[in-house]
Amino acid sequence: MTAQTEHTRCLIIGSGPAGFTAAIYAARANLSPILYEGMQPGGQLTTTTDIENFPGYPEGVSGNDMMEDLRKQASRFGTDVRWGVATASDLSQAPYKITIDGEKVITCDTLIIATGATAKYLGLPDEAKYAGMGVSACATCDGFFYRKKAVAVVGGGDTACEEASYLAGLASQVYLIVRKPFLRASKIMQERVLTNPKITVLFEHETLGLFGENGVEGAHLVKRRGQPDETTVDIAIDGFFLAIGHTPNAGIFRPWIDVDEVGYIKTIPGTPVTNVAGVFAAGDVADPHYRQAITAAGSGCQAAIEAERYLVANKL
Ligand code: NDP
């Protein structure tokens, strides 16, 4: 081993609720875990506003405060929390090798992948301008702030239809902005959206930009872009929700770990167990369906328990 190589029994990659919960459990089981925080310390929650659906916070909590608390809790029991991005992996044989920041190699007996997923955005400058001021990529997280207001959801897949239906239960008016003349979502989700009187589906529309003084007040749209009958239209909205898909952050593990057609890590249903012994996946990187802080935390707990059992069973 070179001076740049270090060994641990339990390595955790990712610092969202899945990673930190895994760290709390692993540390309390005396596994002395090392956790690397990754590109976005604290994960996706640090980009939302208040979290009001995590049990135990009757007044809500800001994403940053919750992640700071989780970090402190993981550290208190002995997790070695570090800055650094996992840039390569070799899971061909145990102990597994993870390269950090392109140079340092950590070998580990167990690996918990909690690298999350990244919501896709359209790439408009206004999405950054109004971040936290009306632009969101999570209706379940932020929909409550738009009770009796008008919102728009972008996308035509199952997520967009699900988010639009969810928001219709809160908002006064929901626009679904779909770039094609049809929805890609499953039939049942389409039906739910098309028959909901609060949802207006704007087929063949694309978003050009957002406007508003102290937050989103509306969106500039274009209909049938590039066609002879192209027209522009403005809609008045208070919230702009992206639902055009997520990218699971599993790229560096893909040579070894089975993923589905979108790239989510495949696990044995109901468990964090991957196809590689001793390697577990927790949170959004393995969850295309729920993507909630509480479900991520739950799977982080499962991953740490599985790691501990694996170490015992293999006398490591
Ligand atoms: P999808 O990839 O299925 O759909 C993405 C949608 O966003 C498409 O309508 C796509 O348009 C649109 N889109 C993508 N990029 C842009 C863009 N730049 N501008 C405008 N629109 C854009 O993602 P989902 O997150 O909806 O679903 C991911 C997977 O998870 C799917 O397999 C889905 O079935 C599953 N899922 C299942 C659920 C359930 O069963 N309850 C709930 C949620 C998700 P276009 O059609 O033109 O490509």
Side-chain angles (χ1 to χ4, degrees), residues 44 47-48 53 116-128 130-131 135-143 151-169 174-196 199-210 216 219-227 230-233 235 237 239-251 254 258-267 269-270 281 283-296 299:
Q44 291 183 81
T47 63
T48 66
N53 55 7
T118 306
K120 291 183 191 162
Y121 285 79
L122 295 170
L124 302 171
D126 286 341
E127 289 169 319
Y130 293 103
V135 173
S136 169
C138 178
T140 325
C141 318
D142 298 327
V151 297
V153 177
V154 186
D158 279 318
T159 302
C161 289
E162 208 168 63
E163 307 258 279
S165 301
Y166 176 78
L167 288 165
V174 179
Y175 296 100
L176 186 60
I177 304 170
V178 184
R179 66 180 174 183
K180 291 207 173 118
F182 56 86
L183 293 166
R184 180 203 286 224
S186 52
K187 280 278 170 277
I188 185 160
M189 293 306 292
Q190 292 194 27
E191 214 172 284
R192 228 171 264 175
V193 160
L194 294 169
T195 57
N196 191 318
I199 303 175
T200 303
V201 183
L202 301 174
F203 287 110
E204 296 183 86
H205 281 70
E206 291 174 54
T207 312
L208 297 174
L210 303 170
V216 171
H220 301 298
L221 309 180
V222 56
K223 184 178 182 188
R224 291 178 56 77
R225 194 207 290 253
Q227 301 301 315
E230 172 182 310
T231 45
T232 53
V233 55
I235 54 170
I237 49 167
F240 183 75
F241 288 83
L242 284 309
I244 58 172
H246 284 75
T247 308
N249 301 320
R254 283 178 74 151
D258 289 347
V259 298
D260 70 10
E261 61 283 357
V262 181
Y264 286 93
I265 293 179
K266 281 191 191 170
T267 57
D284 287 12
V285 73
D287 174 15
H289 293 295
Y290 301 109
R291 299 195 289 247
Q292 298 302 301
I294 187 71
T295 49
S299 67

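Any value given below was found using the heavy atoms of this structure, including those in side chains, with hydrogens, waters and symmetry copies removed. Everything quoted here is computed from the prediction, not taken from an experiment. First listed ligand is number 1; within each ligand, the first listed atom is number 1.
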Subject >> Identity and separation of the nearest protein heavy atom to atom 41 (N) of ligand 1 >> reply: Glu162 OE2, 3.0 Å
Original post:
Is Arg224 salt-bridged to Glu204, cutoff N-O under 4.0 Å?
Top reply: yes
Original post:
Tell me, do Tyr175 and Leu221 make a side-chain contact under 4.5 Å, heavy atoms counted?
Top reply: no
Original post:
Taking C-beta and beyond as the side chain, do Leu210 and Leu124 meet within less than 4.5 Å on heavy atoms?
Top reply: no
**OP:** Report, in ascending order of atom number, the atoms of ligand 1 lying under 4.0 Å from any heavy atom of Gly155.
**Re:** 7 (O)
Subject >> Pairwise distance OG1(Thr200) to CG(Leu194) - rounded to 0.5 angstrom >> reply: 11.0 Å
Original post:
Do any N or O atoms from the side chain of Glu163 and from the backbone of Ala243 form a donor-acceptor pair under 3.5 angstrom?
Top reply: no
**OP:** Determine, counting only non-hydrogen atoms of the protein, whether one lies under 4.0 angstrom from atom 31 (C) of ligand 1.
**Re:** no
Subject >> Any N or O of Arg291 closer than 3.5 Å to N or O of ligand 1 >> reply: no
Original post:
With atoms numbered from 1 as shown, which atoms in ligand 1 lie under 4.0 angstrom from a non-hydrogen atom of Gly156?
Top reply: 6 (C), 7 (O), 8 (C), 9 (O)
Subject >> Shortest reach to atom 22 (C) of ligand 1 by a heavy atom, considering only Val262, Thr207, Ile244 >> reply: Ile244
Original post:
Do Thr247 and Lys120 come within less than 4.5 Å of each other through their side chains, counting heavy atoms only?
Top reply: yes
Original post:
Quick one: nearest non-hydrogen protein atom to atom 28 (C) of ligand 1, plus distance?
Top reply: Thr159 OG1, 4.5 Å
Original post:
Can you list the ligand 1 atoms lying under 4.0 Å from a non-hydrogen atom of Gly157?
Top reply: 4 (O), 6 (C), 8 (C), 9 (O), 26 (O)
**OP:** Measure the distance from atom 3 (O) of ligand 1 to every protein heavy atom, then report the residue, atom name and distance (to 0.1 Å) of the closest one.
**Re:** Arg184 CD, 3.6 Å
**OP:** Report yes or no: does Leu122 have a heavy atom closer than 4.0 Å to ligand 1?
**Re:** yes
Original post:
Can you check whether Gly123's main-chain N or O pairs, donor with acceptor, with Glu127's side chain at less than 3.5 Å?
Top reply: yes
Original post:
What protein heavy atom is closest to atom 20 (C) of ligand 1, reported as residue, atom name and distance in Å?
Top reply: Arg179 CD, 3.6 Å
Subject >> Per-atom contacts, ligand 1 versus Asp158 - under 4.0 Å to a heavy atom >> reply: 26 (O), 33 (C), 34 (O), 36 (N), 37 (C), 38 (C), 42 (C), 43 (C), 44 (C)
Subject >> Subset of ligand 1 atoms that lie under 4.0 Å from at least one heavy atom of Lys180 >> reply: 45 (P), 46 (O), 47 (O), 48 (O)
Original post:
For atom 17 (C) of ligand 1, is the nearest protein heavy atom closer than 4.0 Å?
Top reply: yes
Original post:
Quick check: does any side chain N or O of Glu162 sit under 3.5 Å from a backbone N or O of Met189, one acting as donor and the other as acceptor?
Top reply: no
Original post:
Between His246 and Asp284, is any pair of side-chain heavy atoms under 4.5 Å apart?
Top reply: no
Subject >> Nearest-0.5 Å distance that lies between atom CD1 in Ile177 and atom OG1 in Thr207 >> reply: 4.0 Å
**OP:** May I ask you to identify the nearest protein heavy atom to atom 23 (O) of ligand 1, giving residue, atom name and distance to one decimal place in Å?
**Re:** Gly245 CA, 4.0 Å
